Amino acid sequence: MNLHEYQSKLRFAEFGIPTPQGKVAHDPQQVYEIAKDLGRPVVVKAQVLTGGRGKAGGVKLAQTPEEAQARADEILGMTIRGHKVLKVLVDPAAEIKAEIYLGVTNDRTARKPVIMASAEGGMDIEEVNRVSPEKIIRAHVDPFLGLRDYQIRNLAYGIDLPRDLWKQFMHIARALYRCYVESDATLAEINPLIIDGEGNLLAVDGKMSIDDNALFRHPDLAEMRDTSAEPPAETEARAAGLSYVKLDGEIGCMVNGAGLAMATMDMTQLFGGSPANFLDIGGGARADKVAAALRIIVSDPNVKAILVNIFGGITRADEVARGILEALETVKIDLPLVVRLVGTNEEEAHQIMADAALPNMVSATSLADAAQKAVAAARGM
Ligand code: GDP
Ligand code: MN
């Protein structure tokens, strides 16, 4: 789960990282009020879950409250890389003498967190990494020892940070690492960490990604999730406990188990179709879950056929069959429905489906048979 800039910076501030003390607004009038209260030039910043806002025109300076209101009017409603801007952060504008990059992430290959710093902070750290990776100084952190002071000094030295800022830099790097670990983050990044007009370090941008699997122990972070920034189907899938990823194809897949779901997607492609989604209903799925899954699948207008592929183990095939029928009472489905139910209690499952005699249902035996039938159905054959 990604946090917005303002959420990340609030979190950073809790760990003692200096950040501008701004506020979030949803309309230009609010922006005017905030800018007036701040009583100094401000920066109006689009809050969307994507980078490169500056380049896209989503970060604007304003000298007066009137100007801030006008900039907010331009930024609110903008679309930045497919993300609609619904709120802006109004921060006191900082004078920028230098832009530094400082970030912590997981290095999966090293199986350790890595802290990175660069004097080439600002808009395009990915570009710096591509063109001149040597300008990014890295230190791997032993998770049992934690970030050591000598490692931070090496970073400060490597980016030619003026000596009088080393103490502040040590403090910020320690705080960022602690914030990263204690938040179960997969990324905690300040870009840019600036040297401001008074010659102090200040985090003017912030980004955090939290490991979804750890959210259960961070209720305060979990409730920061901005569901307005994601497709409604993803919100519904999460609420129902389904693993769902939308794709661009035309065959809606409902499967139990991630491996089988992937195999099913591959099989649709093998026979010339393409999957509309990845959807794992998980083990022991009951009718309400099956219904939610079907509702999510049919909410995608690209879907031309539905492929249900259930391997009954702990999940009994007859339960799933009943689930499908119960689901059909609440979700109206006119699309062709190819159903393959095998494994535990499959005879009962087949009997239940046969008795129901659904006009749009096609039953299938093997996975190949099911995939072929789904592809044909999607083509209207
Ligand atoms: P991003 O483009 O999405 O990473 O958004 P940032 O928050 O990093 O802002 C982009 C750029 O806008 C920064 O690299 C700065 O150059 C500039 N910027 C952001 N805040 C301020 C500010 O308070 N004062 C000034 N002068 N520039 C700012
Ligand atoms: Mn940035």
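Note that the structure is a prediction, hence the values are computed from the model and not measured.
If you take CG on Leu193 and CG on Leu202, they are separated by 8.0 Å, rounding to the nearest 0.5 Å. Between the CE atom in Met224 and the CD1 atom in Ile210 there is a gap of 8.5 Å [rounded to 0.5 Å]. To the nearest 0.5 angstrom, Lys9 atom NZ is 14.0 Å from Met208 atom CE. Annotation: the span from Tyr180 atom OH to Leu187 atom CG amounts to 8.0 Å, rounded to 0.5 Å.
For Asn277 (side chain) and Val245 (main-chain N/O), no donor-acceptor pair under 3.5 Å exists by modelled atom type. At distances below 3.5 Å, at least one donor-acceptor pair connects side-chain atoms of Gln47 with backbone N or O atoms of Lys45. For Gln151 (side chain) and His140 (main-chain N/O), a donor-acceptor pair under 3.5 Å exists by modelled atom type. Thr19 places no side-chain N or O within donor-acceptor distance of the main-chain N or O of Ala203, the cut-off being under 3.5 Å. Side-chain atoms of Asn256 do not come within 3.5 Å of backbone N or O of Ile281 as any donor-acceptor pair. Within the 3.5 Å criterion, the main-chain N or O of Arg153 finds no donor-acceptor partner in the side chain of Trp166.
Side-chain atoms of Asp73 and Tyr32 form no donor-acceptor pair, as typed in the model, at a separation below 3.5 Å. Residues Gln29 and Glu33 have side chains that bring a donor and an acceptor to within less than 3.5 angstrom of each other.
Note on Met1: it clusters hydrophobically with Val104, by side-chain heavy-atom contacts below 4.5 Å among ILVMFWY residues. A continuous path of Ile, Leu, Val, Met, Phe, Trp and Tyr side chains, each step under 4.5 Å between heavy atoms, connects Ile296 with Ile333, placing both in one hydrophobic cluster. In the hydrophobic cluster analysis, where Ile, Leu, Val, Met, Phe, Trp and Tyr join through side-chain heavy atoms closer than 4.5 angstrom, Val331 is grouped together with Ile310. When the side chains of ILVMFWY residues are joined at heavy-atom separations under 4.5 Å, either directly or via intervening members, Leu155 and Leu201 end up in a single hydrophobic cluster. Using a 4.5 Å cut-off between side-chain heavy atoms of Ile, Leu, Val, Met, Phe, Trp and Tyr, with links allowed through other members, Tyr6 and Val204 fall into different hydrophobic clusters.
Note on Lys87 versus Asp226: salt bridge recorded, some NZ/NE/NH1/NH2 to OD/OE distance being below 4.0 Å. Taking the charged nitrogens against the carboxylate oxygens, Asp124 and Arg130 have no contact shorter than 4.0 Å, which rules out a salt bridge.
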Residues 315-325, side-chain donor-acceptor partners within the protein, below 3.5 Å, at least two apart:
residue: Thr315; atom: OG1; partner: Gly284; partner atom: N; Å: 2.7
residue: Arg316; atom: NE; partner: Asp318; partner atom: OD1; Å: 3.3
residue: Arg316; atom: NH2; partner: Asp318; partner atom: OD2; Å: 2.9
residue: Asp318; atom: OD1; partner: Asn345; partner atom: ND2; Å: 3.2
residue: Asp318; atom: OD2; partner: Arg322; partner atom: NH1; Å: 3.3

Inset, instruction - I would like to know whether Asp205 and Tyr101 meet side chain to side chain donor-acceptor pair (under 3.5 Å); could you show each step before the answer? - result: CA-CA 10 Å; Asp205 188 14; Tyr101 173 92; over 6 Å; no
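Of the residues Arg11, Arg53, Lys207, the one that meets the salt bridge (charged side-chain N to carboxylate O under 4.0 Å, His left out) test with Glu5 is Arg53.
Using a 4.5 Å cut-off between side-chain heavy atoms of Ile, Leu, Val, Met, Phe, Trp and Tyr, Val362 falls into a hydrophobic cluster with Ile251, Met267, Leu270, Phe271, Leu307, Val338, Leu367, Val375.
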